[in-house]
There are 2 protein chains.
Amino acid sequence: MIPDRGVMSNAYAVIMAGGRGERFWPLSTDLVPKPFLPLLGPKSLIQQTVDRLQPLIPSERILISIGEAHRQIAGMQLPQVPEGNFIVEPVGRDTAACLGYCALHLEGREQDGIMVAIPADHYVGDDVAYRSTLEKGLGALPGANGVVFGIHPTRPETGYGYIQVTDPAGRDALPVLRFVEKPSVARAAQYLASGDYFWNSGIFLWANRTLLQLIRMHMPEMDRGLASLRPLLGQKERRAELYGAFAALPRISIDFGVMEKTSGLRLVPASFAWDDIGNWGALERALPADPDGNVACGEHTALDSSGCITYSDAGPITTFGTSNLIVVQANGQVLVCDKNRAADLKRLLASLKPTS
Amino acid sequence: MIPDRGVMSNAYAVIMAGGRGERFWPLSTDLVPKPFLPLLGPKSLIQQTVDRLQPLIPSERILISIGEAHRQIAGMQLPQVPEGNFIVEPVGRDTAACLGYCALHLEGREQDGIMVAIPADHYVGDDVAYRSTLEKGLGALPGANGVVFGIHPTRPETGYGYIQVTDPAGRDALPVLRFVEKPSVARAAQYLASGDYFWNSGIFLWANRTLLQLIRMHMPEMDRGLASLRPLLGQKERRAELYGAFAALPRISIDFGVMEKTSGLRLVPASFAWDDIGNWGALERALPADPDGNVACGEHTALDSSGCITYSDAGPITTFGTSNLIVVQANGQVLVCDKNRAADLKRLLASLKPTS
């Protein structure tokens, strides 16, 4: 029998650890992508995510969705997670396929399971508030088709999706009006001013059965694909068949495929600082700064320097007379980047790599 | 018999390889100071200096003045220089003591020797023109108390000493009027405009006997010190005595102690690009630049970057959206420095090191 250390013994977390994190080059690589990097301290983002969850959802009920290439590093970083909880995707097919596939696993395990879907690589400023927010979400689920977690916007961010609610002054769970894609700056400023928009944290929860129903309703192709996968689960001798069927799933996000089309969703506002750690620039929102606004992961000496972000997996970094730079020493490479260009790092990488 | 591959078989070079080069931190260290660093290519500055001289003055007549701590690295880098040509200073006592001590060695070797004193760590843009300039200097020595080599100034540099001549339009060897110390910017601009000032390259030549006479005339304390050293030379069992006597020599530069007070000097204008490579910023005057004005020693990729100087003794450096930075990866450390602060690096070091 699985011990129940947290609330609601049918609540399962699915931690989504796909994605390549190219914007954290030269630290991130195809072999060790963003979730497995110790970006915000000695533990990796996925280790922090599991640690943060465990008092609420024990590791026995934490499923880790990962690509095949990262099965080994995930197992090494998360020894407390049982072998059978690593759900390996043969190939990345975005979050709708990821969560649909996890829902198949979960239905075989727990008839009335609840799935809390959580990205593996976000910053959370207050673990206690985070768990209490998730508990509120679990409490708000009965009678809803799903619960989403929203972040009070603090700037006109154009890198996040937004969620509009109908009653922003309501308590705990607010009725969702609509999901909106990443907006323009002008639109983001409107959202910020209006007060009824939240950032989409990418954290969702549903009854597992409801999630599969929503996929059936809004994504018939995905539903058929999942139906073809169901009899292949756990059958090692039919592995090639399973891989082929998985690769045929449509590549689409759960937001676009399901959430934007679903009525009856509730939003629970997060009561913690949050960031999706989208690029090196995010570190200054997630790490403590010195009096000149420099943040560092690894040894850094700053003289006449301000607003710099430094990261080293090797020796010390010294900045002298510089401002608003990102300096990274990792994997034997050095990157020096204007802070305002952090989000463009994919462009840099494209120019570094030979076209294939 | 020593083979004579060059002109004037009594001409000896003394390469002065003292100095700590703190402005090349984190590459330079007490163990491997500036002359021994490969700053301008695969060979170190002192190796380049010896290579540049050899067609004119063979290595058998090249003396290397070094500190005790650098005897080993000097021997490794300069295998072509005979063992007995390394003149080891027990302790650094500036250039007057250095050259006076070398003059004692040379007088025991060659009665009518000529000494060409050359700093070990300068950039020279054209080796052939360099040797032809030195040959002109050797030709200009008869009838003069010494010959100095002057560089046509190209900017109002405040980091160099200047030498004024009386007949700047003269050919080959110009009568020296006076030496002047490092000037203010305003004064440097005047010197630049006047046309009769040259930068002091720190390269001098004298008859060895004349040098010792000039020391006797202008630096009686140094002369007495050298006299006390003379009987101790080459006597291993009196090493401690020699060290003590050397340490008692006054600490003063040859420019200040002798040259500024000496009449009858001639200046030969250099016909080659030159830089004293005083700090990281000098690399952009000595290395070829890309179309955006970036110079690199080691692998560098620049995207939307201009005017950057990069140096790596390890992996690649990438700059993205930055300008006018110095980026150094060396000895496991990374330095990122505004280009205008390169000359202040000693201040940075002072703040890094615990006061002793």
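Lettering follows sequence order; numbering is per chain, from 1. As the structure is a computational prediction, the values presented were derived from the model and not from experiment.
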Option that, when pairs with chain B are counted at under 4.5 Å, heavy atom only, ranks first among A:Pro316, A:Gly321, A:Gly332, A:Gly315: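 The residue among A:Pro316, A:Gly321, A:Gly332, A:Gly315 with the greatest pair count is A:Pro316.
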Would you indicate whether A:Phe256, at its atom CZ, is surrounded by more than 12 heavy atoms from other residues, nucleotides or ligands within a distance under 6.0 Å?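 Not more than 12 within 6.0 Å, no.
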So which donor and acceptor atoms of chain A and chain B come within less than 3.5 Å of each other?
from	atom 1	to	atom 2	distance (Å)
A:Asp304	OD2	B:Arg341	NH2	2.3
A:Asp304	OD2	B:Arg347	NH2	2.7
A:Pro316	O	B:Val334	N	3.0
A:Thr318	N	B:Val334	O	2.8
A:Thr318	O	B:Val336	N	2.8
A:Phe320	N	B:Val336	O	2.9
A:Phe320	O	B:Asp338	N	3.0
A:Val334	N	B:Pro316	O	3.0
A:Val334	O	B:Thr318	N	2.8
A:Val336	N	B:Thr318	O	2.8
A:Val336	O	B:Phe320	N	2.9
A:Asp338	N	B:Phe320	O	3.0
A:Arg341	NH2	B:Asp304	OD2	2.4
A:Arg347	NH2	B:Asp304	OD2	2.7

Can you say whether A:Ile326 sits under 4.5 Å from chain B via the side chain, the backbone, both, or neither, judging by heavy atoms?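 Interface part for A:Ile326: neither.
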Taking the side chain as every heavy atom from C-beta outward, state whether A:Val334 and B:Val336 have any atom pair closer than 4.5 Å.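 The answer is no; the side chains never approach within 4.5 Å.
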Could you go through the side chain to side chain contact (heavy atoms under 4.5 Å, CB included) check for B:Leu345 and A:Phe320 one step at a time? CA-CA 8 Å; B:Leu345 206 57; A:Phe320 181 33; 3.9 Å; yes
